[in-house]
Amino acid sequence: MTTESTLSRRGLMATATAAAGAFTLGFHVPLTRSAVAQGAAPAIPPEVNAWVVIRPDDTVVIRIARSEMGQGTLTGLAQLVAEELECDWAKVTTEYPTPGQNLARRRVWGNFSTGGSRGIRESQDYVRKGGAAARMMLVQAAATAWNVPAAECSAANSVITHTPTGRTTTYGRVAEAAGRLTPPENVPLKDPRAWKIAGKSVARLDTVEKTNGSQVYGMDLTLPGMLNAAVRACPIFGGKVRSFDAAAVQGMPGVKRVVPVGDNAVAVVADTWWRAKKALDALPIVWDEGPNANASSEAVAAWLKEGLDAPEAVVGNRAGDARAAITGAAKRIEAVYAYPHQNHACMEVMNATALWTADRCEVWTPTQNGEAALAATAAASGLPATQCDVHKIHLGGGFGRRGAVHDWVTQVVLIAKQMPGTPIKMIWSREEDMLQGRFHPVTQCKLVGGLDAQGNLVGLTMRISGQSIVAGTFPQNIRDGRDPVVFQGLNASGGEADIGYTIPNLLIDHAMRNPSVPPGFWRGVNLNQNAIYLECFIDELAHAAGKDPLAFRRALMTNHPKHLAVLNAVAERIGWGTPAPAGRFRGLAQTHGFGSYVAACAEVSVSNDGKLSIHRIVAATDCGHAVNPQQIEAQIEGSFVYGLGAALHQEITVKGGRVEQENFDTYPSLMLAEMPAVESIIITSGGFWGGVGEPTIAVAAPAVMNAIFAATGKRVRSLPLKHADLRRA
Amino acid sequence: MAKLNVNGRTIDVAVEDDTPLLWVLREQIGLTGTKYGCGVAACGACTVHVDGVAVRSCATPVSAFTEAQKIVTIEGLAPAGTQHPLQKAWVELDVPQCGFCQSGMLMAAAALLAQTPKPTEDQIRAEITNICRCGTYNRVLAGIKRAAEGGPATSG
Ligand code: FES
Ligand code: FES
């Protein structure tokens, strides 16, 4: 935790913030960089340690390494640091360190990656220790100044008190001295039961700006001398640019340059984005359509169907001999389910701003992983990472699109590199964002179950056929043909995403089939389809066994008390076993993912003409510890919007190698009119930390699909539901 | 060349006639609170008020407006230093998640309340057709109800 190497950078940021005025983040622009280099003396707020800066006026600046994309992690992490710091919550502000600073300080802030619902659970321990260490140093600094033992001093609300004499001082007064101390080695943490700031439903730190238009998103950024770029990549996956006729648009208003972007895209750079886009729309481009020009969703579906019975598959979970058990069973039930490609459709389209010079490249962008964005910047800029940096901006949605792959960062740097010294802001059109997604993987699943004469499940096979996200994003992580996350929610153990049923004879395997549509981590990842497949089929088995779906599940869950507890919680709250309101029907689902146990019960009705209404959903989450319950509720509600929008409406289809849906008119989202009432039950059983941004998505669709069966007698096994005729069977 | 009345100011903008109002607001006038979400009037992120009525500014060319029409953006929803009752409710309920849709959401809601000060839940559900990908709908609903209960809301 050395401070000296950062002092100049800290000053740099402070100066630039003052110069830029409009930004709350520490953007630094070249002007101020050279000013600092020439020896201007910036005001340096004392850094107690990497996580905590305390200004003389007692303002507490908490550094946040993970990204804020709406999920509330910024506030949650600040709560955890503030809790241990014993500071005045009203004086807390936050800032993002840059990935370049993290690199220069040997990753003092750890991982920047904000995905997999890991923002809080993966960093809670070391950020709390950061806050606790800072508090210990502040207390020590006060004790030293008073010449008393630190053990006689206590800290609360940013005030340090020497108990025997009643003397007090504030954090702001001792922060500078504290920052010069050697950090303590042994940093005990509070028992969460003693939390006063963490664990409470405090208001988010970033709300006001989001209600008056002053929050600056990547798309809103302006730098002096900046030009705007509109870009178009070959709409056929794997295709390239053969030629383009720059002269045809060169004279259009505002147009400055037409430039190639790698081998598969072209950009128009103009004074405004609208003019750049208009010229791009008019630009004649000839594509080399490449090897996937005939790809279609129909062909992919047929290929995946073949995979359902293919001899080769990678086993994810096995117990006993499932095939033999099913062969010997009194009753055999079989079903095939299918889940389509989907686009993340972040509300804010992909965008980034870059400034390239011969010795430095800076990027400003909304990203879920600043370090990955820095790596992409360095690779595209031709400069070492130490001569690059990335400035993170709050995201207008991420959902996984802005994490693993930074294709848009590569593009903006490739454009900026062709115009040295000029900041370039590149914004994708919505159409570009739809066509150039990193899509929810497409899979099908064949499930076969065997029931004995008493209706007990004696064997289950589950064959997943289809796309691997990891193969398409981090192929180096595929070992022996095995995608480590494809069995999310179906694992025998691990504590991250485990099956909640004990089935004596079980075989779950995956036949990988990777179509040309590039896959991505889509909020909820593989838990989404896996929970649909398993939870809907368990319902089918319960029905075939003539048993109540709750009772049937419970019988398989005695070894899975945490899974069972959330299921029981929703059943009890909704009044399972008592009649639903007239015309309404209920469906259940439960799963485990991202470290949390989740369950939902949906109450739906289906009109005579087949129109579905989702009235009410009760959802339970056991995330071990809850840092901000009202934000967990917001994530649960949001998960139903994301999950139900996907289940009801969303599918990406491919024809002639390209995506057919280009905007929200053909790729609808869930709307307010369709939104059910959501009641959240948050359980904090302790002993583990689970994520909350994603797991609930996975129970949204199966709970509703099982309720649809209860209402209509129809099993819908293919998504989205808009294709299904829901009139009563 | 166009003359616009935006948030009470008359502004000359030098721009092609077919430029959507959205991009004039964002790029010529520098009011970036109004967002681009789709460009085809399908999401509502770009909603502004024109003479008190919610308009999706991405799909209307600047030439369609005259100086006589009062355009209000999120930056002008409430007088400087004050909050519209909806903004107050939004803060109290922590409505925004990523926040990107919220300018449009608030402008749509403000226009609704200006028209129908005490909307029923069904009216709110039918009238607010903005997309929120983060899924803030239930808090949006609660926020509109709260603002409506707090007395007649005025559109900026
Ligand atoms: S940007 Fe105008 S409605 Fe979507
Ligand atoms: S708050 Fe993110 S899209 Fe609505």
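Only a predicted model underlies this, so the values are computations on that prediction, with no experimental measurement involved. Letters A, B, ... are given to chains in the order of the sequence lines, protein chains preceding strands, and every chain is numbered from 1.
Neither the backbone nor the side chain of B/D122 comes within less than 4.5 Å of any heavy atom in chain A. At a 4.5 Å heavy-atom cutoff, the contact between B/E75 and chain A is made by backbone and side-chain atoms alike. Only the side chain of B/Q28 has a heavy atom closer than 4.5 Å to any heavy atom of chain A. For B/W23, the part sitting under 4.5 Å from any heavy atom of chain A is the side chain, from C-beta outward, and nothing else. Heavy atoms of B/L106 lying under 4.5 Å from chain A belong exclusively to its side chain. The parts of B/I124 that come within reach of chain A are both its backbone and its side chain, each placing non-hydrogen atoms under 4.5 angstrom from that chain.
Using a distance-only test at 3.5 Å, with no hydrogens or angles considered, a donor-acceptor pair links the side chain of A/T114 to the main chain of A/S67.
With salt bridges taken as basic N to acidic carboxylate O contacts below 4.0 Å, one links B/E16 and A/R275. In summary, B/E121 and B/R125 engage in a salt bridge, as defined by a charged side-chain N under 4.0 Å from a carboxylate O. Salt bridge A/R204/A/E68: present, at least one basic N to carboxylate O contact under 4.0 Å. Checked for salt-bridge contact, A/D433 and A/R401 miss the test: no charged N lies under 4.0 Å from a carboxylate O.
Of all the listed residues (A/G398, A/P366, A/S429), the one sharing the greatest number of non-hydrogen pairs under 4.5 Å with chain B is A/S429. Contact tally against chain A (heavy-atom pairs below 4.5 Å) for B/S103, B/C38, B/A42: the top residue is B/C38. Of the listed residues (A/G254, A/G72, A/A345), the one with the most heavy-atom contacts under 4.5 Å to chain B is A/A345. For chain B, the option among A/F399, A/F664, A/W274 with the highest count of heavy-atom pairs below 4.5 Å is A/W274. When each of A/A634, A/P668, A/G397 is scored by its heavy-atom pairs under 4.5 Å with chain B, the top score falls to A/A634. For the set A/M347, A/K278, A/R430, the entry with the most heavy-atom pairs within less than 4.5 Å of chain B is A/M347. For the set B/Q83, B/Q102, B/Q87, B/E127, the entry with the most heavy-atom pairs within less than 4.5 Å of chain A is B/Q87.
Residues B/K88 and A/T211 fail the side-chain proximity criterion, which asks for heavy atoms closer than 4.5 Å.
Ring-plane geometry between A/W522 and A/H440 is classed as perpendicular, the angle between the planes exceeding 60 degrees on a 0 to 90 degree scale with a lower cut at 30.
Residues of residues 5-14 of chain B lying within less than 4.5 angstrom of chain A, judged on heavy atoms, are B/A14 in numerical order.
Checking B/D94 against A/Q630 by side-chain atom types alone, a donor-acceptor pair falls below 3.5 Å.
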